[in-house]
Every structure is written in C-alpha cells, then in structure tokens.
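Computed from a prediction, not measured in an experiment: that's the story for all the values here. Chain letters run A, B, ... following the sequence lines, proteins first and then strands; every chain starts at 1.
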Amino acid sequence: MKTDELITLLGADNDTARAESTRMRMRGLLLVIGVVVTVAVTFVGYYGVRLDAESPGIFAAILRKEVITLAAAIAGLAMAVALSRPLANHARWWMVPLLLLAGLVIWEIAASGVAGWQARLMGRNALACVSFIPLISVLPLAAILFALRNRAPAAPARAGAAAGLAAAGIGATIYAVHCTDDSMFFVAVWYSVASVVLMSAGALAGQRLLRW
Amino acid sequence: MRAALAGNDAAYRKVLGELAIAFRKDVAARLARNGSGNADSEDIVQDALLAVHLKRETWDTSRPLAPWAYAVLGHKFVDRMRHSGRRRHEVLDEALEVAAVPASDSAGMDTDRLMQALGPPQRKIVTSISIEGRSAAEVARDIGSTEGAVRVALHRALKRLATLYREVQE
C-alpha cells in the first residue's frame with residue numbers, strides 16, 4: 001500500500017478514531033470500577049469486617065491503614081496513566097504513599113515507642129496478609145491492564161508496574177477492613193511485600209500486554 | 001493538528017502528509033547512523049503514521065505535537081530494529097541455501113498480505129476509499145450498507161493493519 005493511500009484511509013477514519021478514544025476510555029473506567037466493586041463486595045461479604053472495628057481506637061487504626069493504601073492506589077493509577085504515553089516521563093506520585101507511610105511509622109514510634117517492635121512487625125497474620133492482598137488484587141490488576149491496552153507507553157513494563165502498585169493499593173484498601181494487625185511496622189513491611197509482588201507481576205504482564 | 005482532531009478531515013490529511021515527510025527524513029537519518037539498509041524505511045513510516053492515528057489520545061493537546069510524534073516514530077523504529085536482526089539471519093541462511101532472497105517491498109506493507117487478512121467487504125471498502133478516493137457515504141451506497149457500518153469496518157481494517165505490522169516483527 002502506498003503511504004498516500006494509507007493517509008487517505010486515516011483521514012476517512014478521523015471521526016471514528018475520535019469517537020473510539022472516548023468510548024474506550026469510558027469502557028476502561030467502567031471495567032475497573034466494576035471489577036473493584038465486585039471484588040470488594042465479594043471479599044467483605046465472605047470474610048467480613050473485623051469484629052472490633054467499631055471501637056474508636058481500632059477504627060482510627062483502620063483509617064490510618066486506609067489512608068496509605070488509598071494513597072498508593074491513587075498514586076499507582078495516576079502513574080499508570082502518565083506512564084502510558086510515548087514520551088518518556090518520570091511520574092513521581094509514588095513518593096506520596098511512601099512519605100505518608102514513613103510519617104505514620106515515625107508517629108507510631110513517637111506515640112508508642114519501639115518496645116517490642118519485632119512482635120509488632122511480625123504481627124499475627126503476616127502470611128494471610130501477604131497472600132490475601134495479591135489474591136484480592138489480581139482481578140483489579142487485570143482490569144487496569146486491560147483498560148490501558150489502547151494506550152502507548154514508552155516503557156510498557158514500567159506502566160505495568162504502576163498498574164501493579166494501583167492494584168496493590170486497591171487490594172490492600174479492601175483487605176485493611178479485615179486485617180487485625182494494626183502496627184505501622186507491620187504495614188510498612190508486609191503491605192510493601194505484597195505491593196512488590198504485584199508490581200513485579202504487573203511489570204511482566206505489562207511488558208507483554210501493553211506493547212503497541 | 002488540534003483542528004484535525006476536532007474533526008477537520010482535510011487538516012488531518014495535511015498534518016499526516018507533513019508527518020510522513022518528516023518521518024521519512026528521520027528514519028533515513030537513523031538508518032544511516034545504524035549503517036542498515038533502506039529496505040524497510042517506508043514500512044516504518046507507515047507503521048508510525050498508523051500509530052499516530054490509533055494512539056492519538058496519548059498526545060497531550062496542550063503540548064507541541066512534534067516531540068510526541070517523534071516519540072511514536074522512535075518507538076516504532078526501535079521495535080523494528082530489535083527484530084530485524086533476527087530477520088537478517090534468516091535471510092542469510094536462505095542465501096546460503098542458494099535460494100532466491102526475496103526483495104523487500106520498498107513501497108510499504110505488502111498490499112496482498114493486508115488484503116488477504118481482510119474479508120471481501122472490508123477489502124472493497126479499503127480499496128474504494130484509498131485508491132478510488134470515494135467517501136464512506138458513497139461506498140455505503142455502492143455496497144448497500146450504512147455509512148456507520150462502513151466507518152466501523154474501515155476502523156477495524158486499520159486496527160488489523162496495525163496488528164499485521166506487529167506480526168512482521170515476530
């Protein structure tokens with residue numbers, strides 16, 4: 001095919017391409033929201049919120065965890081979108097959840113000292129945490145990657161990793177209402193481990209799926 | 001380009017034409033630097049134009065067009081170069097077997113390959129629009145379909161073309 005012929009075709013496709021862009025963006029957004037809500041409802045429906053959630057001390061502890069996990073989810077999503085463009089860019093949103101986490105760890109040391117830090121770090125349910133969060137996050141990760149398929153990342157693996165961070169944040173946000181380990185030391189270690197697992201999976205998947 | 005994206009088809013074709021020229025120069029320069037042949041250069045230009053078209057929503061319209069467009073071209077070029085090494089080996093092996101080495105189609109993607117991948121109605125639509133210069137409405141009347149259906153078929157054909165370019169590299 002001659003290039004001029006191709007250009008004629010592309011010109012004829014101008015309107016359709018424009019409509020498609022909008023439609024795909026909407027579809028992607030709805031898919032992600034739908035999957036996240038479904039997964040959240042399923043998990044909380046099956047495993048329930050922790051029984052002591054209403055006591056004020058525990059409620060505050062859950063809130064602290066949720067602030068970080070939500071920050072991670074939003075940072076991940078913002079980065080995934082920013083990184084899915086051809087122009088190489090260095091999205092730095094990940095600093096927000098990291099700084100929040102560091103801040104809250106410092107706060108906990110200030111409030112409760114460091115006595116018994118090993119116990120607080122190990123917690124009682126490290127294995128459940130590290131297993132559950134990736135499990136909960138798998139479908140959201142798939143949905144996010146699927147929604148990004150129409151984009152054009154300069155570095156597909158990096159965009160995939162950002163999607164992994166977003167999925168980890170989402171999964172951790174859902175899990176945190178059930179998780180009974182409240183120490184920020186625990187969160188700093190085990191939620192991060194789960195995030196790294198998801199970011200690696202996201203990078204590997206992104207490398208393959210987000211090619212253009 | 002912003003006018004083009006807002007719906008001005010003529011402006012769009014003009015921008016694409018200018019991009020084609022710029023891309024061709026850029027590819028030639030890159031190939032010269034790499035010391036490779038020119039056989040695939042029009043392929044890369046077409047691949048990049050197609051990507052500009054299909055991935056247009058990744059362009060931030062508040063920023064200049066050129067850096068984004070060249071980034072698209074660069075990405076396609078690197079992709080192509082990464083895989084052409086493999087193809088060169090295959091070509092060498094064939095030559096050693098005293099088989100005729102097929103000349104690359106320097107006019108871009110082999111039209112036959114594309115047409116084979118499309119069904120007959122899509123083929124007619126693509127040919128009518130690109131070569132005969134008919135509009136989507138006219139083609140719709142010709143084949144007894146609606147303009148909307150023709151536009152959808154065209155868009156699918158273009159996405160298929162993009163996939164074919166990717167397959168060439170594998």
Side-chain angles (χ1 to χ4, degrees), chain A residues 1-29 77-91 144-160 162-163 206-212, chain B residues 4-10 12-14 16-17 19-20 24 42 45-46 49-60 63 67-76 79 107-111 114-115 126-127 129-131 133-136 139 148 150-152 154-155 157-158 161-162 166:
Chain A
M1 176 179 302
K2 301 208 207 77
T3 304
D4 285 337
E5 291 164 7
L6 177 63
I7 291 179
T8 309
L9 286 174
L10 299 184
D13 197 49
N14 189 14
D15 281 340
T16 315
R18 186 161 44 116
E20 264 280 285
S21 298
T22 321
R23 211 181 308 142
M24 299 257 77
R25 207 180 308 157
M26 267 290 100
R27 237 182 274 171
L29 195 61
L77 286 171
M79 282 174 55
V81 170
L83 286 171
S84 58
R85 298 173 187 270
L87 282 171
N89 35 29
H90 304 281
I144 296 171
L145 288 172
F146 197 79
L148 291 174
R149 261 181 348 128
N150 313 299
R151 313 267 305 174
R158 218 179 298 162
Q207 182 64 30
R208 216 150 301 194
L209 296 173
L210 301 180
R211 251 184 245 170
W212 54 285
Chain B
L5 293 182
N8 188 332
D9 293 354
Y12 191 44
R13 280 195 303 273
K14 184 158 176 288
L16 290 175
L19 280 177
R24 225 168 269 138
E42 201 60 19
V45 170
Q46 290 188 1
L49 286 174
L50 201 44
V52 162
H53 177 74
L54 292 173
K55 304 293 180 183
R56 67 225 309 236
E57 78 151 11
T58 63
W59 173 45
D60 182 348
R63 297 239 178 97
W68 174 81
Y70 280 117
V72 171
L73 176 62
H75 187 97
K76 289 294 179 184
D79 259 358
M109 166 62 67
D110 188 354
T111 312
L114 168 64
M115 291 304 163
V126 166
T127 326
I129 297 180
S130 63
I131 300 179
R134 299 175 77 63
S135 75
V139 174
V150 166
R151 286 183 184 277
V152 166
L154 171 61
H155 193 73
L158 286 171
L161 181 57
R166 252 207 309 278

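- Between the side chain of Asn14(A) and the backbone N or O of Ala4(B), at least one donor-acceptor pair lies under 3.5 Å.
- Heavy atoms only, all atoms of each residue included: Pro67(B) and Leu87(A) are closest at O-CD2, 3.4 Å.
- Minimum heavy-atom separation, Arg166(B) to Arg211(A): NH1-O, 4.1 Å.
- Ala6(B) touches chain A through its backbone: at least one of N, CA, C or O sits under 4.5 Å from a heavy atom, while the side chain does not.
- Across all their heavy atoms, Pro86(A) and Ala71(B) have their closest contact at O-CB, 3.7 Å.
- Leu10(A) touches chain B through backbone and side chain together, each having a heavy atom under 4.5 Å away.
- Ala154(A) touches chain B through its backbone: at least one of N, CA, C or O sits under 4.5 Å from a heavy atom, while the side chain does not.
- Between Thr8(A) and Arg13(B), the shortest heavy-atom distance links the atoms CA-CD, 4.2 Å.
- Here Arg56(B) contributes atom CZ and Arg18(A) contributes atom CZ; the two are 7.5 Å apart, rounded to the nearest 0.5 Å.
- With contacts defined as side-chain heavy-atom distances shorter than 4.5 Å, the pair Arg24(B)/Thr3(A) qualifies.
- Side-chain contact between Thr16(A) and Leu158(B) is absent, with no heavy atoms from C-beta onward closer than 4.5 Å.
- Here the CG atom belonging to Asp4(A) is positioned 11.0 Å from the CG atom belonging to Leu16(B), to the nearest 0.5 angstrom.
- Remark: Arg85(A) pairs with no residue by the side chain to side chain donor-acceptor pair (under 3.5 Å) rule, at least two apart or across chains.
- Ranked by heavy-atom pairs under 4.5 Å with chain B, the first of Ala17(A), Ala19(A), Ser21(A) is Ala17(A).
- In this structure, Thr127(B) OG1 and Glu5(A) CD are separated by 9.0 Å, a value rounded to the nearest 0.5 Å.
- Listed here is the closest heavy atom pair of Ile7(A) and Ala20(B): CD1-CB, 4.2 Å.
- Taken from CD in Glu20(A) to NE2 in His155(B), the straight-line distance is 4.0 Å, to the nearest 0.5 Å.
- Interatomic distance, CG of Leu154(B) versus CG of Leu9(A), reported as 5.5 Å (0.5 Å rounding).
- Residue Asn8(B) touches chain A through its backbone alone, counting heavy-atom pairs closer than 4.5 Å.
- Not counting sequence neighbours, the partners of Arg25(A) by the side chain to side chain donor-acceptor pair (under 3.5 Å) test are Glu57(B).
- With a 4.5 angstrom heavy-atom cutoff, Ser84(A) touches chain B only via backbone atoms.
- Between Trp212(A) and Ala51(B), the shortest heavy-atom distance links the atoms CZ3-CB, 4.1 Å.
- With a 4.5 angstrom heavy-atom cutoff, Val52(B) does not touch chain A via any of its atoms.
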